[in-house]
Amino acid sequence: MTTETTNRMDLVFRKLKAEGRTALIPFLTVGDPDLETTLAIIAELEAAGADILELGVPYSDPLADGPVIQRASTRALRGQVNIRTCMETALKARQAGSQLPFILFTYYNPVLQMGLDNFFAELDAHEISGLIIPDLPIEEAEDMRNRSRAAGINLVPLVAPTSSERIARIVNGASGFVYCVSSLGVTGERSSFHEGVDAFIQSVREATDLPVAVGFGISTGEQVARFAKICDGVVVGSAIVRKVEDVIPLLDNPSTRQAGLLQIREFVAQLKP
């Protein structure tokens, strides 16, 4: 992996901090509705002002994901999308000119199926900057942390409001940034968040020198702005995946495809903090 790729995420956070800005981190399910369209959507997200991009690997039993992302995974899996094709999509986007740091969001079973040595070699070859594995508990993460560190991959931990006394242990050895879960339960758009979420985020900030991002349930420009005041990054997932779902009829028709892509770009642009 090149130094540029390894440091891509760190450079983004440093630049934004110097400018007094907060990172917008969209999430996409790769292959929804198809791989070619995913590449086009990545370009639109970058044009809309995305700073970092989470690439979701479709999975048949996504325990952390709500119904919107579950439906997206189902559509992608119909197209035989897997962890390898997700990595290939990231590299194709890079070859097409994307400068975004890519984070692979995957459950642990596809990683095991690839084999850990092969998995990290493929991350390197496909210029993936970071990794999120939501079903990998801290108690079982030491090997992944060691391998990520050796490979120059940022292993981003999820910290929930219920983590309390485990926060220091979870963030110890993390890299890239720390991902704070704003609400209990699975992903999905929300009108309100866990009571005490601000105090929770502050406790995470006090436990790490890394940038702190927040996600799960954030779906509007107002909500992004609210969390941008106290975080270094804001993740928006289900709302963007729902927007993609809403415009699939446009994307599937060559005569309206650009109009569908423009709607996605405009939706993401209005989220920009």
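Just so you know, residue 1 is the first one in the sequence shown, and it goes up from there.
- A donor-acceptor pair under 3.5 Å is absent between the side-chain atoms of Thr29 and the main chain of Ser73, judged by distance alone.
- Formation of a donor-acceptor pair under 3.5 Å by the Gln270 side chain with backbone atoms of Phe267 is found in this model.
- Other residues, nucleotides and ligands place no more than 12 heavy atoms under 6.0 Å from the CD atom of Glu36.
- Remark: of the listed residues Arg71, Arg75, Arg78, Arg75 is the sole one forming a side chain to side chain donor-acceptor pair (under 3.5 Å) with Asp32.
- In this structure, Leu45 and Leu24 have side chains that are not in contact, with every pair of non-hydrogen atoms separated by 4.5 Å or more.
- Note on ring orientation: taking the six-membered ring where Trp is involved, the planes of Tyr59 and Tyr107 are parallel (angle under 30°, cut-offs 30° and 60°).
- The closest donor-acceptor contact from the side chain of Arg149 to the backbone of Ser175 lies at 3.5 Å or more, if one exists at all.
- For the pair Met87 and Arg84, the minimum side-chain heavy-atom distance is 4.5 Å or more.
- By the 6.0 Å contact criterion, CD on Glu139 is enclosed, its count of non-hydrogen atoms from other residues, nucleotides or ligands being greater than 12.
- For Thr85 (side chain) and Val81 (main-chain N/O), no donor-acceptor pair under 3.5 Å exists by modelled atom type.
- The shortest side-chain heavy-atom distance between Arg205 and Asp232 falls under the 4.5 Å cut-off.
- Under a 3.5 Å cut-off, the side chain of Glu46 and the backbone N or O of Gln99 do form a donor-acceptor pair.
- The backbone N or O of Gly215 sits less than 3.5 Å from a side-chain atom of Ser182, completing a donor-acceptor pair.
- Heavy-atom contacts from other residues, nucleotides or ligands closer than 6.0 Å to NZ of Lys272 number more than 12.
- Remark: Asp209 CG is loosely packed, at most 12 non-hydrogen atoms of other residues, nucleotides or ligands lying under 6.0 Å away.
- Ser129 places no side-chain N or O within donor-acceptor distance of the main-chain N or O of Ile103, the cut-off being under 3.5 Å.
- If you run side chain to side chain contact (heavy atoms under 4.5 Å, CB included) between Pro101 and each of Ile128, Leu53, Ile25, Ile52, only Ile52 comes through.
- Side chain of Gln223 to main chain of Ser219: a donor-acceptor pair is present (N/O by atom type, distance under 3.5 Å, no hydrogens or angles).
- In this structure a side-chain-to-backbone donor-acceptor pair under 3.5 Å is missing from Arg226 to Gly221.
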Between Lys243 and Glu266, does the salt bridge (charged side-chain N to carboxylate O under 4.0 Å, His left out) criterion hold? Intermediate values first, please. CA-CA 11 Å; Lys243 186 63 180 179; Glu266 291 175 342; over 6 Å; no
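- Exactly one of Val236, Ile69, Ile240 qualifies for a side chain to side chain contact (heavy atoms under 4.5 Å, CB included) with Phe27. That residue is Ile69.
- In this structure, Cys180 and Phe216 have side chains that are not in contact, with every pair of non-hydrogen atoms separated by 4.5 Å or more.
- Of the options Leu112, Val111, Ile153, Asp124, a side chain to side chain contact (heavy atoms under 4.5 Å, CB included) to Phe119 is made by Val111 and by none of the others.
- Looking at Ile41 and Leu28, their side chains come closer than 4.5 Å, going by heavy atoms from C-beta outward.
- Val235 has its side chain out of reach of Ile218: every pair of non-hydrogen atoms, C-beta onward, lies at least 4.5 Å apart.
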